[in-house]
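So you know, we letter chains A, B, ... as the sequences are listed, proteins then strands, and number each from 1. Because the structure is predicted, anything quoted here is derived from the model rather than measured.
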Number of protein chains: 2
Amino acid sequence: MSAAKRDALLDVAEALFYRDGFHATGVDAIQAASGIAKTTLYHHFKTKDDLILAVLERAAERARRQLDKLADAGRGRGAARLAAIFDDLRNECQAPGFNGCLFNNAAAEFFSRNPAIVALAQRHNAWIAQLFARILTEEGLNGAIAPAVLALYEGIIALGRVQPVEPALGACTAWLNALAG
Amino acid sequence: MSAAKRDALLDVAEALFYRDGFHATGVDAIQAASGIAKTTLYHHFKTKDDLILAVLERAAERARRQLDKLADAGRGRGAARLAAIFDDLRNECQAPGFNGCLFNNAAAEFFSRNPAIVALAQRHNAWIAQLFARILTEEGLNGAIAPAVLALYEGIIALGRVQPVEPALGACTAWLNALAG
DNA sequence: TGAAAACAATACAGATCAGTAGTTGTTGTG
DNA sequence: CACAACAACTACTGATCTGTATTGTTTTCA
């Protein structure tokens, strides 16, 4: 399978999984939406769970690249470097069809069922926590609060599904700026 | 159906929904685990989604009672009144089988499928935000940060599934205490 | 051009899904 | 005791689930 076709398949699968959930999205729906035959799909992914893992791994890599880019751009700006990452949340949470964090959604659905999926979500969150810690120390701030910053980050994403994010984001960036003062 | 039996049924359904997810939990599994016949179940709940809504509504009432109790107990203690609510999270997140927030999990699974379930999660989060705002103003603090406090609260719950909550909770209560100073 | 792999389409297997019909207890009430 | 209402059980419907077998076509690459 060409890389482009594989990407197209993963695109379709990710969109359906994200919108409708993992258990509620049948392989038939992915087949119908992607045009790729079920036989072919199962030739490249042993099971549906393997496809889900591939979707999640690709999405995690993409998210990490994006976060790295945002973190690099703000280098030397103190707490504003963190605030820039939260600013980016505004766009994502307000995008149509926003349904929270793909990885946390997956972890919730597979909590008692597929440890590999939960572990992937765990690693992804740990990576973000480490990024936050690095940013904080590089900017001369207290790196120990990184876990709390991550909680804020994930909390805003979770709430963004059912609430406007602006109030939380506003108070949050105020906090982050207070860190610098 | 007696109230006790209804409660027992909702207990079983809630436990299965919480552990395995809503779509992954079949009505047959609830029947087998509760001993209540499927006919009876469908006599009292028109559809599976109605059962889910009943489970969520009961759980939301229980959670609100618990939060109200914690909020009342800390009256007059300033930011510590909020910190007490976060302290309670420690126990919940460390309990075996902890799988995040039942309402956010439900909202994620039914986001594109059942607006009533999403709306219930929305109302529950709004209620908590209002509680936090009331506590903050009653304690002479800035009520406008309530949405951010809620984000912290929900973020810790979301992360509690895949991470130890202690670091985030520690930094978080430090923040809350700094609010008082 | 020819061989080999990958592909699509269809049909199917076996299990499970939500939900229902009908019959047999079982229980509470006059 | 007799009656009425509810609950349990079994069995079933039709749909949908993951995953596979089959067959034939297209692509690829030497």
Separation of C/dT16 atom P from B/H23 atom NE2, nearest Å, is 19 Å
Between residues 27-40 of chain A and DNA chain D, which residues have a heavy-atom gap below 4.0 Å?
-> A/V27, A/D28, A/K38, A/T39
Could you list the donor-acceptor pairs under 3.5 angstrom formed between side-chain atoms of residues 162-170 of chain B and any protein atom two or more places apart in sequence or on another chain?
| residue | atom | partner | partner atom | Å |
| --- | --- | --- | --- | --- |
| B/E166 | OE1 | B/R90 | NH1 | 2.8 |
| B/E166 | OE2 | B/R90 | NH1 | 2.5 |

Any donor-acceptor N/O pair, A/E138 side chain to A/R75 backbone, under 3.5 Å = no
Is the shortest heavy-atom distance from the side chain of A/W127 to the side chain of A/D68 under 4.5 Å?
-> yes
Can you see which heavy atom on B/F22 is nearest to which on B/K48, and at what distance?
-> O-NZ, 2.9 Å
Could you state the CG-P distance from B/L41 to C/dT20, rounded to the nearest angstrom?
-> 12 Å
Rounded to the nearest 0.5 Å, what's the gap from CG on B/D87 to CG on B/L82? Could you check?
-> 11.0 Å
Rounded to the Å, how far apart are B/F22 CZ and C/dA18 P?
-> 13 Å
Quickly work out the B/L16 CG to C/dC17 P distance and round it to whole Å.
-> 12 Å
Taking atom CG of A/L159 and atom CD of B/E154, what is their separation to the nearest 0.5 Å?
-> 5.5 Å
What are the two closest heavy atoms between A/E139 and A/G76, and how far apart are they?
-> OE2-N, 2.9 Å
Under a 4.0 Å N-O cut-off, is there an ion pair linking B/R62 with B/E14?
-> yes
Counting only non-hydrogen atoms, which of residues 42-56 of chain A are less than 4.0 Å from DNA chain D?
-> A/Y42, A/T47, A/K48
